[in-house]
Amino acid sequence: MIFARILAAALVSHILSSSPLIVYIQGFLTNDEREHLKQVSKNSFRQSVIAGLDGAAKSSTRTSQSTDVRRDAVVKCIEQRALDFQGFDVQESHLEPLQLVKYGPGEHYDFHTDWFTDPQYYTSFNGGNRLSSFFVYVQVLNDTTGGGTNFPFIEPPKDERWCGFVECDEPYANGVTFRPVEGNAIFWENLTPGGVGDMRTEHAGLPVTTGSKIGMNIWTRQVPQSEEVRREDLPLDF
């Protein structure tokens, strides 16, 4: 855990939006951590699902593959980094199990919010709604094109230094599209100060044109989740 705190101090963060809060983070994962995540998830990916009225369901709106990551020492280190980034009031019990998502050519996740609209998914048993999200780029093959993360309701930045991280050639009306860059992450708050889902955080995983990418979702709940929910063999898939 000491390693996690030392690395966290070296992160470079850029605030893209203060309302809703969206922060771009350089160097969230080390190369060794990225390699570890790829190794432990090998051959474990399955069709991604979404939250339906009757539970997890496959859908044409989300065509990626997903897998959950067991909490070994490396994963716990990454979890602690995510907690440290959010301040002292966010505890380990607020974190959902980490999820990896893999996108090949043509695969995508249409516009959606990470926070839930169906009350069955944000009960106190489940830890309330999703307070915040990290999306971390674990692997991006050299020939990868497309596959950006688009926030249509966020005003694009004006400073050209952002062009290393966002698509500066996008039409202004398209919002902000983050380019997939290995090791870097996007952090955002899903809820308003009153605890209501913020529609401005709607986003999409745009289709990969060539190559492939692996991302990682880190979701934080409003309050501690029950022990049963946090069991590694019973994670949420969506």
Side-chain angles (χ1 to χ4, degrees), residues 29 33-72 74-75 78-79 82 95-122 126-127 129-130 133-141 143-152 177-180 182 185-186 188 190 197 201-221 225 228-238:
L29 292 178
E33 288 168 341
R34 294 192 299 102
E35 288 301 318
H36 177 80
L37 291 171
K38 288 187 289 183
Q39 288 300 317
V40 299
S41 64
K42 187 180 296 185
N43 302 321
S44 67
F45 286 90
R46 59 193 181 276
Q47 176 64 51
S48 298
V49 295
I50 63 172
L53 294 176
D54 298 317
K58 295 180 181 179
S59 171
S60 60
T61 66
R62 190 185 190 195
T63 59
S64 60
Q65 302 173 60
S66 305
T67 187
D68 302 297
V69 186
R70 292 203 171 271
R71 299 182 65 243
D72 60 20
V74 174
V75 170
I78 296 169
E79 287 182 331
L95 286 180
E96 294 184 32
L98 305 191
Q99 181 192 77
L100 295 184
V101 286
K102 181 164 63 174
Y103 292 81
E107 293 180 337
H108 64 280
Y109 192 176
D110 286 347
F111 290 103
H112 64 283
T113 61
D114 286 356
W115 52 271
F116 296 106
T117 58
D118 189 334
Q120 68 174 307
Y121 296 115
Y122 58 88
N126 289 325
N129 219 325
R130 284 175 173 160
S133 300
F134 291 84
F135 188 76
V136 190
Y137 299 103
V138 177
Q139 181 186 45
V140 183
L141 296 185
D143 63 343
T144 299
T145 57
T149 306
N150 176 254
F151 287 77
T177 299
F178 290 96
R179 299 171 52 233
E182 286 186 340
I186 314 163
W188 66 93
N190 288 305
T201 64
E202 183 180 66
H203 58 286
L206 300 180
V208 170
T209 307
T210 60
S212 67
K213 72 172 184 180
I214 297 176
M216 178 170 60
N217 289 309
I218 306 176
W219 291 307
T220 304
R221 294 281 182 153
Q225 302 169 91
E228 184 175 351
V229 170
R230 281 181 52 77
R231 280 172 52 189
E232 290 188 341
D233 57 339
L234 288 174
L236 286 176
D237 289 324
F238 36 77

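When a residue number appears, it is its place in the shown sequence, counting from 1.
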key: Q47 side, atom CD; R62 side, atom CZ - distance, nearest 0.5 Å   = 9.0 Å

inquiry  = Suppose we screen for ring pair (Phe, Tyr, Trp, His ring centres under 6.0 Å). Which residues come up paired with Y122, at least two apart in sequence or across chains?
reply    = none

query = Looking at D143 and T210, what are the two nearest heavy atoms and their distance?
reply = O-OG1, 2.6 Å

remark   = Note: P207 and G106 closest approach over all heavy atoms is CB-O, 4.3 Å

query = So do the side chains of R70 and V40 get within less than 4.5 Å of each other, counting heavy atoms only?
reply = no

key: Validation row: I78, V69 side chains within 4.5 angstrom (heavy atoms)   = no

query = Are F178 and Y137 side-chain neighbours, meaning at least one heavy-atom pair lies under 4.5 Å?
reply = yes

task = Classify the ring geometry between Y109 and H112 as parallel (under 30°), tilted (30 to 60°) or perpendicular (over 60°).
result = parallel

inquiry  = Using every non-hydrogen atom in the two residues, find where G148 and P180 come nearest and quote the distance to one decimal.
reply    = CA-CD, 4.1 Å

request  = Report yes if some heavy atom in the side chain of D114 is under 4.5 Å from a heavy atom in the side chain of T201; otherwise report no.
outcome  = no

message = Does M216 form a side chain to side chain contact (heavy atoms under 4.5 Å, CB included) with Q99? I'd like the steps, not just the answer.
response = CA-CA 6 Å; M216 178 170 60; Q99 181 192 77; over 6 Å; no

key: Heavy-atom side-chain proximity of N126 to F116 below 4.5 angstrom   = no

inquiry  = To the nearest 0.5 Å, what is the distance between CD1 on I186 and CZ on F151?
reply    = 5.5 Å

inquiry  = Once rounded to the nearest 0.5 Å, what's the spacing between atom NZ of K38 and atom CG of L100?
reply    = 11.5 Å

query = Going from CD on E35 to CD on Q139, what distance comes out if it is rounded to the nearest 0.5 angstrom?
reply = 7.5 Å

task = Side-chain contact test, heavy atoms from C-beta onward, threshold under 4.5 Å: evaluate it for F111 versus P152 and give yes or no.
result = yes

note = Residues at least two apart in sequence or cross-chain that pass side-chain contact (heavy atoms from CB on, under 4.5 Å) with S44, listed by chain then number, are S41, T67

key: Those residues that, when tested against E107, pass side-chain contact (heavy atoms from CB on, under 4.5 Å) (two or more places apart)   = T63, Q65, Y103

F135 and N217, any side-chain heavy atoms less than 4.5 Å apart = yes

Separation between CH2 of W219 and CG of N190, rounded to the nearest 0.5 Å = 10.0 Å

remark   = Heavy-atom closest pair (S64 atom, K102 atom, distance to 0.1 Å) is CB-O, 3.4 Å

query = Looking only at heavy atoms, what is the nearest atom pair of H203 and T149, with distance?
reply = CD2-CG2, 4.5 Å

ask   = Considering all heavy atoms of both residues, which atom of G146 and which atom of T209 are nearest to each other, and what is their separation?
value = CA-OG1, 3.9 Å

remark   = The reported gap from OG1 in T144 to CD in E182 (rounded to nearest 0.5 angstrom) is 8.5 Å

query = Only one of L98, V136, I214, V75 clears side-chain contact (heavy atoms from CB on, under 4.5 Å) with L37; which?
reply = V75

